[in-house]
Protein chains: 2
Amino acid sequence: MPRSTRAARKPDRPYHHGNLRRGLLDEALATIRAEGVEGLTLREIGARLGVSRTALYRHFADKRALLAGVATEGFRTLRQQLVAAWEEGGRGRAAFESMGAAYVRFAVANPSHYRVMFGGFVNPKACEPELTAEAAGAFQALVDALAALQRDAIVRGDDTVKMARFVWAVVHGVAMLGIDGQLPEPCGVEELMRYALERLRTGIDAAERASGRRRRH
Amino acid sequence: MPRSTRAARKPDRPYHHGNLRRGLLDEALATIRAEGVEGLTLREIGARLGVSRTALYRHFADKRALLAGVATEGFRTLRQQLVAAWEEGGRGRAAFESMGAAYVRFAVANPSHYRVMFGGFVNPKACEPELTAEAAGAFQALVDALAALQRDAIVRGDDTVKMARFVWAVVHGVAMLGIDGQLPEPCGVEELMRYALERLRTGIDAAERASGRRRRH
DNA sequence: GGGATCGTGTTGACATCGTCAACATTGTGG
DNA sequence: CCACAATGTTGACGATGTCAACACGATCCC
């Protein structure tokens with residue numbers, strides 16, 4: 001029957017449908033982006049791909065597995081944007097703040113996708129090794145940047161991973177506030193992020209700290 | 001029929017079942033706590049209360065409305081614990097840090113409940129005025145504490161709400177990391193929180209900032 | 001070249017869920 | 001005492017995730 005206007009001269013067309021797994025991930029992400037995570041239904045994305053409802057069970061064990069795949073790709077994209085911001089920004093302090101802005105920008109631009117990544121829809125318990133690996137990769141981008149800043153004595157010499165977790169918490173929190181609409185306007189996120197980066201540097205204490213209390217080792 | 005061993009001399013027993021709305025909220029929270037948000041089913045909590053499945057539609061318009069109620073109570077509890085930590089801690093810097101610890105403790109002790117509050121299951125768009133009011137109340141506790149610290153010149157004189165948002169983002173981010181199991185051990189949250197409070201005070205910059213750059217107005 | 005075999009997609013069916021409409025029951029006010 | 005509103009029940013419906021059985025298609029092995 002009319003397999004729609006597909007199935008053409010594409011070289012990588014393994015079997016019946018041209019790379020269904022790819023299409024499933026794309027279509028799922030599109031649906032999530034349009035209608036939110038709750039609006040995702042397996043039957044609909046099957047129909048939208050011109051394929052039956054249970055076809056995806058040959059590529060994903062579960063609905064959660066599909067969501068895990070979407071989350072995995074989200075972490076991959078996020079890492080790419082973080083690394084790009086870091087490298088294009090000159091790998092200095094400005095680049096670091098550019099990373100923070102890129103993080104929040106990603107979250108605000110793709111709120112539903114971001115929620116799939118962090119909303120607890122996927123088991124963090126190593127059920128999906130690829131997911132945890134990709135998430136760790138995105139985090140590693142932040143760790144690497146912080147380590148570079150430490151080498152240049154721009155930031156404190158604390159335990160890098162611990163400091164990275166702190167920074168991650170800050171940007172994650174700002175992104176969450178922005179996504180949940182708990183900020184005045186949509187553009188309020190960027191203003192809050194600017195302020196957060198400032199306070200991230202100097203802290204919130206009243207500015208009377210002398211240069212004592214140095215602890216380099 | 002055996003209405004179970006209830007319906008006794010309780011004074012506040014408006015109609016057939018003794019305060020069903022209260023029971024629904026409690027049972028829903030218990031189920032969520034035990035099986036997560038996804039495991040909540042209206043039929044099951046009805047059965048667990050010895051009541052039919054559609055009984056709750058007399059008290060909540062929707063499943064989302066029930067979840068909104070659970071979230072509302074979560075914000076109320078959270079605010080109470082925040083205020084308690086602040087007041088019992090002496091309303092000083094130590095009390096402020098105690099507030100942060102209390103926040104994260106609440107989130108880690110009730111991860112599923114916390115997720116209902118922030119997981120996007122409820123519309124932030126003023127659909128539930130009581131929910132937004134209670135959430136604002138919890139946030140206000142933080143604003144009040146920060147304002148007090150500002151009066152005592154313990155923290156910077158920045159815009160209080162903006163600084164409160166920043167602090168909220170930090171504790172929210174730390175809590176999220178802890179809930180998602182992205183931290184080594186369960187007790188890793190408290191260690192990260194301790195570190196986060198330290199860096200919240202002093203920032204992450206290398207400690208060479210002179211006392212210049214003061215900006216009091 | 002022709003079956004065996006595995007990968008891939010389809011159909012049918014089922015249990016479960018949220019929700020609505022209609023009905024029953026219970027407490028309250030005139 | 002009786003209408004009435006508040007509260008709870010039953011039946012039913014559409015939608016959904018998922019499994020079992022089957023059908024098609026490519027590839028491999030002799």
Side-chain angles (χ1 to χ4, degrees), chain A residues 1-4 6-25 27-28 31-32 35-70 116 121-123 127, chain B residues 1-4 6-28 31-32 34-70 116 121-123 127:
Chain A
M1 275 313 185
R3 179 77 68 182
S4 79
R6 199 195 319 272
R9 67 214 64 164
K10 207 66 179 304
D12 51 4
R13 180 173 150 284
Y15 284 101
H16 316 70
H17 183 283
N19 211 349
L20 183 66
R21 181 185 161 93
R22 181 72 262 145
L24 284 168
L25 285 171
E27 202 60 42
T31 304
I32 286 171
E35 311 176 30
V37 194
E38 336 259 17
L40 180 76
T41 154
L42 301 189
R43 303 170 113 96
E44 186 182 338
I45 72 169
R48 222 188 296 247
L49 282 169
V51 124
S52 196
R53 49 196 195 278
T54 60
L56 90 170
Y57 283 93
R58 306 294 161 179
H59 301 271
F60 298 95
D62 225 344
K63 187 182 186 181
R64 293 176 67 102
L66 176 63
L67 282 178
V70 172
V116 176
F121 297 95
V122 290
N123 251 347
C127 291
Chain B
M1 274 312 188
R3 177 77 66 183
S4 83
R6 199 197 318 270
R9 68 213 64 160
K10 207 67 180 304
D12 52 1
R13 179 173 151 286
Y15 283 102
H16 316 72
H17 183 284
N19 211 352
L20 182 66
R21 180 187 162 92
R22 180 73 261 140
L24 285 168
L25 285 171
D26 290 343
E27 201 61 41
T31 304
I32 286 171
E35 310 175 31
V37 194
E38 337 258 18
L40 179 75
T41 153
L42 301 189
R43 302 170 114 95
E44 186 182 338
I45 74 168
R48 221 188 296 249
L49 282 169
V51 122
S52 195
R53 50 197 195 279
T54 60
L56 91 169
Y57 283 94
R58 305 295 161 179
H59 301 271
F60 297 95
D62 226 343
K63 187 181 187 182
R64 293 177 69 102
L66 176 63
L67 282 178
V70 172
V116 176
F121 297 96
V122 289
N123 251 346
C127 291

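Here is how names work: the chains are called A, B, and so on, in the same order as the sequence lines, proteins then strands, and each is numbered from 1.
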Among the candidates [options], find the nucleotide nearest to the side-chain atoms of [X].
| X | options | result |
| --- | --- | --- |
| B:R53 | D:dG11, D:dG17, C:dT11 | D:dG11 |
| B:T54 | C:dA21, D:dG17, C:dT10 | C:dA21 |
| A:K63 | D:dG8, D:dG17, C:dT10 | D:dG17 |
| B:R58 | C:dC20, D:dT7, C:dT8 | D:dT7 |
| B:Y57 | C:dT11, D:dG8, C:dT19 | C:dT19 |

Revision key, fill the gap. Note: B:L20 and B:A55 closest approach over all heavy atoms is CD2-CB, 4.1 Å
Review point. Closest approach of B:V116 and B:V122, non-hydrogen atoms and distance?
Key: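 Looks like O-CG2, 4.3 Å.
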Figure out the [atom1]/[atom2] separation between [X] and [N], and round it to whole Å.
| X | N | atom1 | atom2 | value |
| --- | --- | --- | --- | --- |
| B:L56 | C:dC20 | CG | P | 11 Å |
| A:L24 | C:dT8 | CG | C1' | 12 Å |
| B:L42 | C:dC20 | CG | C1' | 13 Å |
| A:I45 | C:dG9 | CD1 | P | 13 Å |
| A:R21 | C:dG7 | CZ | C1' | 15 Å |
| B:D62 | C:dG18 | CG | P | 11 Å |
| A:L49 | C:dT10 | CG | P | 11 Å |
| A:L67 | D:dT16 | CG | C1' | 14 Å |

Check your understanding: So, does the side chain of A:R43 form a donor-acceptor pair with the base of D:dG17 at under 3.5 Å?
Key ->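 Side chain to base: pair found, below 3.5 Å.
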Check your understanding: Side chain of B:R64, base of C:dG18: donor and acceptor closer than 3.5 Å?
Key -> no
Exercise for review: Looking at every strand, decide which applies to A:T41 at a 4.0 Å heavy-atom threshold: base, sugar-phosphate, or nothing.
Suggested key: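 The answer is sugar-phosphate, as A:T41 gets under 4.0 Å only of primed atoms, P, OP1 or OP2.
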Review point. Contact class for B:L40 vs. all strands (heavy atom < 4.0 Å): base, sugar-phosphate, or nothing?
Key: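 B:L40: backbone/sugar contact only, no base atoms under 4.0 Å.
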Point to revise | Under the salt bridge (charged side-chain N to carboxylate O under 4.0 Å, His left out) test, residues paired with A:R58 that sit two or more places apart | key: none
Review point. Taking only residues two or more places apart in sequence or in another chain, which ones pass salt bridge (charged side-chain N to carboxylate O under 4.0 Å, His left out) with A:E38?
Key: none
**Study point:** Carboxylate-amine/guanidinium contact A:E35 A:R48, below 4.0 Å
**Key:**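 A salt bridge links A:E35 with A:R48.
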Check your understanding: Does B:H59 make a side-chain N or O approach to OP1 or OP2 of D:dG8 shorter than 4.0 Å?
Key ->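 Yes, B:H59 has a side-chain N/O under 4.0 Å of OP1/OP2 on D:dG8.
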